[in-house]
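Within every chain, numbering begins at 1; the chains are lettered A, B, ... in the order of the sequence lines, protein sequences first and strands thereafter.
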Amino acid sequence: MNQEPETRRATEQTSPLRRALIATEDGCFTAEFSAHGLARLSFPATPGIRVPKSAVSEDLSAPPPPAWLKQTCAAVDDVLAGRAPRVFPPLDLSCGTPFQQFVWQALSKIPVGETRSYGEIARDIGRPRAVRAVGAACGANPVPLLVPCHRVLAANGKLGGFSGGPEWKPRLLRREGSWGEA
DNA sequence: TAGTCAGCGCTAT
DNA sequence: ATAGCGCTGACTA
């Protein structure tokens, strides 16, 4: 027996992922489903996303459940249009640490058209000083768009960073009416 | 405005 | 165990 009792590493994936492409006007997103739900959503042609191949086994022959795929498409479509998704696929965020999952949970509560600061999120999860850790957790968000990390801005009102490509953040916010009307 | 430092969780040594 | 890093924030000059 080794060291980890039940704490799964972020890079560890027990079940194979089923991948599907989601075509939108903004390009082709990639959705990857585990046995529990949507585990990962990638921006179109986004380089630099770190996902260790050795740690993730993909089953490309088995398509994801049509219902999940349909729900994901609808949700992505809504967010890209600046609308609140009417339906969500089940999300599998088990790849995250407890802290990260708290952060992602807090992000999910930000309504469309509103933004929060990293400090606010840190405060929401009961760790007011962990502002930078919150930023790191946002960067580790496996399901952008549906977990709206783009609605988190720096405290000074600036955009801050964005792992999925800096151009996406203002684009998404503008469609939600949260950017360019200040 | 630019520069600096504190502070927190994660990953790799 | 520990050093370095990140989608920060607050202070100082």
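Here C:dG6 presents its P atom at 16 Å from CD of A:Q100, a figure rounded to the nearest Å. In this structure, A:L172 places its CG atom 14 Å from C1' of C:dC7, rounding to the nearest Å. Rounded to whole Å, the distance from CD1 on A:I121 to P on B:dG7 is 22 Å. Regarding A:R129, its CZ atom lies at a distance of 19 Å from the C1' atom of C:dG6, rounded to whole Å. Protein atom CZ of A:F99 is 16 Å distant from nucleotide atom P of B:dG7, rounded to whole Å. Computed from coordinates, the A:N156 CG to C:dT8 P distance equals 10 Å when rounded to whole Å. Here the C1' atom of nucleotide B:dC10 and the CZ atom of A:R127 are 14 Å apart, to the nearest Å. Atom CG of A:N141 and atom C1' of B:dG9 are 16 Å apart (whole Å).
Rounding to the nearest 0.5 Å places CD of A:E32 at 5.0 Å from CZ of A:R19.
Other residues, nucleotides and ligands contribute over 12 non-hydrogen atoms within 6.0 Å of the CZ atom of A:F88.
Close to C:dC7, at under 4.0 Å from its OP1 or OP2, lies no side-chain N or O of A:R132.
Taking hydrophobic clusters as Ile, Leu, Val, Met, Phe, Trp and Tyr residues chained together by side-chain heavy-atom distances below 4.5 Å, A:V112 does not share a cluster with A:I110.
In the set B:dC10, C:dC7, C:dG9, the nucleotide with an atom closest to the side chain of A:K169 is C:dC7. Nearest to the side chain of A:A155, among C:dA10, B:dG7, B:dC10, sits C:dA10.
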Task: Per-nucleotide pairing state of DNA chain C [Watson-Crick or G-U, under 3.5 Å; [ ] pseudoknot-crossing; | other strand] - done: ||||||.||||||
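Both A:S117 and A:A136 lie near DNA chain C, and the one whose nearest nucleotide falls closer to the 5' end is A:A136.
Aromatic ring centroids of A:F162 and A:W168 lie 6.0 Å or more apart.
By the side chain to side chain donor-acceptor pair (under 3.5 Å) test, A:D124 pairs with A:R116, sequence neighbours left out.
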Open item on the list: Using the rule given for side chain to side chain contact (heavy atoms under 4.5 Å, CB included), can you reason through A:R171 versus A:R175, listing the C-alpha separation, both sets of side-chain angles and the distance that settles it, and then say yes or no?
Closed with: CA-CA 7 Å; A:R171 185 185 304 182; A:R175 294 176 186 177; 3.5 Å; yes
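Smallest separation of non-hydrogen atoms from A:A20 and A:F33: CB-CE1, 4.5 Å.
Looking at heavy-atom distances under 4.0 Å, A:A130 makes contact with sugar-phosphate atoms alone, never a base.
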